[in-house]
Each structure stands twice: as C-alpha cells, then as structure tokens.
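The next block holds one structure in the form of structure tokens; read it before the comments.
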Amino acid sequence: MCNLDFNSVHQRRLAIDTRHKPTTYACVSVLKSGIWQNRYRLKQKYFIGIPADHIPTTSPVPSMSNAQWRQLVDKWSNAHNRVISLAVL
C-alpha cells in the first residue's frame, strides 16, 4: 500500500485519503508500474542478447541487493519465462 511517511508529509498538499479504496488502488498501481518498467529496462540492458557468462552476478544498480538481482536473473533464465519473453518480442 502507500507509504505512511509519504502520506503524512504530503497528505495536505495532495489530499490523499488512504481509506478511499480507489486512491489506494491508484497508488499501488503507479508503484507496480514503475517497478515493472524498471525491471524491463534492467532486462533489456543486462540480460537480453548478453551471453550467459557476461551477465553480472552482482547487482549492477545500487537500488537492488545482490540477492534481489540473483532472483531476477534466475527468473529470466527460467525456460518458461524465456518462452514468454520470446513470444512478446
């Protein structure tokens, strides 16, 4: 859900009512969209078309831990996800 610190600081300025379901849904939707876009850009830059031995084993970005990076690489390397990825291209 929406970050409570964000709400307390900006609530008056943005008039956010966290009890209003459509507002909460919109906030979650915006955050999810940003995460998906970021992962898509990471995949395009560090995974697609890169030989397996050249894919970074540690996180190339400071906003992601090495464990999170390894989870993404494992997901992208999964045969099922590769088929889905190729179908989209």
Side-chain angles (χ1 to χ4, degrees):
M1 302 255 182
C2 294
N3 184 338
L4 293 178
D5 291 334
F6 176 84
N7 285 338
S8 63
V9 173
H10 299 287
Q11 190 165 12
R12 280 178 248 140
R13 191 172 97 187
L14 299 174
I16 295 173
D17 182 6
T18 57
R19 295 168 299 187
H20 189 237
K21 292 228 185 255
T23 301
T24 303
Y25 176 78
C27 182
V28 169
S29 178
V30 167
L31 292 173
K32 280 184 180 181
S33 177
I35 291 169
W36 289 336
Q37 288 175 1
N38 188 37
R39 288 181 182 170
Y40 174 80
R41 281 188 237 115
L42 288 172
K43 186 175 184 179
Q44 296 302 313
K45 185 172 182 178
Y46 297 106
F47 191 77
I48 300 293
I50 307 294
D53 58 336
H54 285 64
I55 294 173
T57 55
T58 59
S59 177
V61 292
S63 61
M64 183 178 290
S65 72
N66 290 337
Q68 291 171 322
W69 175 253
R70 282 190 297 273
Q71 284 179 336
L72 274 179
V73 171
D74 290 343
K75 178 181 177 180
W76 295 334
S77 300
N78 181 318
H80 175 73
N81 288 319
R82 286 185 145 202
V83 169
I84 292 172
S85 180
L86 292 174
V88 173
L89 297 176

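In what follows, every heavy atom counts, from backbone to side chain, and hydrogens, waters and symmetry copies are set aside.
Legend: residues meeting side-chain hydrogen bond (donor to acceptor under 3.5 Å, both in side chains) with H54, ordered by chain and number and at least two apart, are absent. Residues satisfying the side chain to side chain contact (heavy atoms under 4.5 Å, CB included) criterion with V61, sequence neighbours excluded, are L42, S59, S63, M64. Taking the side chain to side chain contact (heavy atoms under 4.5 Å, CB included) definition, one finds that A67 meets it with S65, R70, sequence neighbours left out. In this structure Y25 satisfies the ring-ring contact (aromatic ring centres under 6.0 Å, His included) test with no other residue, sequence neighbours excluded.
For the pair T58/W69, no side-chain contact is recorded, criterion being any heavy-atom separation below 4.5 Å from C-beta on.
Going from atom CD1 of I50 over to atom CD of Q44 covers 10.0 Å, rounded to the nearest 0.5 Å. Interatomic distance, CG of L72 versus CG of N38, reported as 9.0 Å (0.5 Å rounding). Between the CG atom of D74 and the CH2 atom of W76 there is a distance of 11.0 Å, given to the nearest 0.5 Å.
Every pair passing salt bridge (charged side-chain N to carboxylate O under 4.0 Å, His left out) that includes a residue from residues 18-36 is listed here, sequence neighbours excluded: D17-R19. For residues 50-60, no pair satisfies salt bridge (charged side-chain N to carboxylate O under 4.0 Å, His left out), with sequence neighbours left out.
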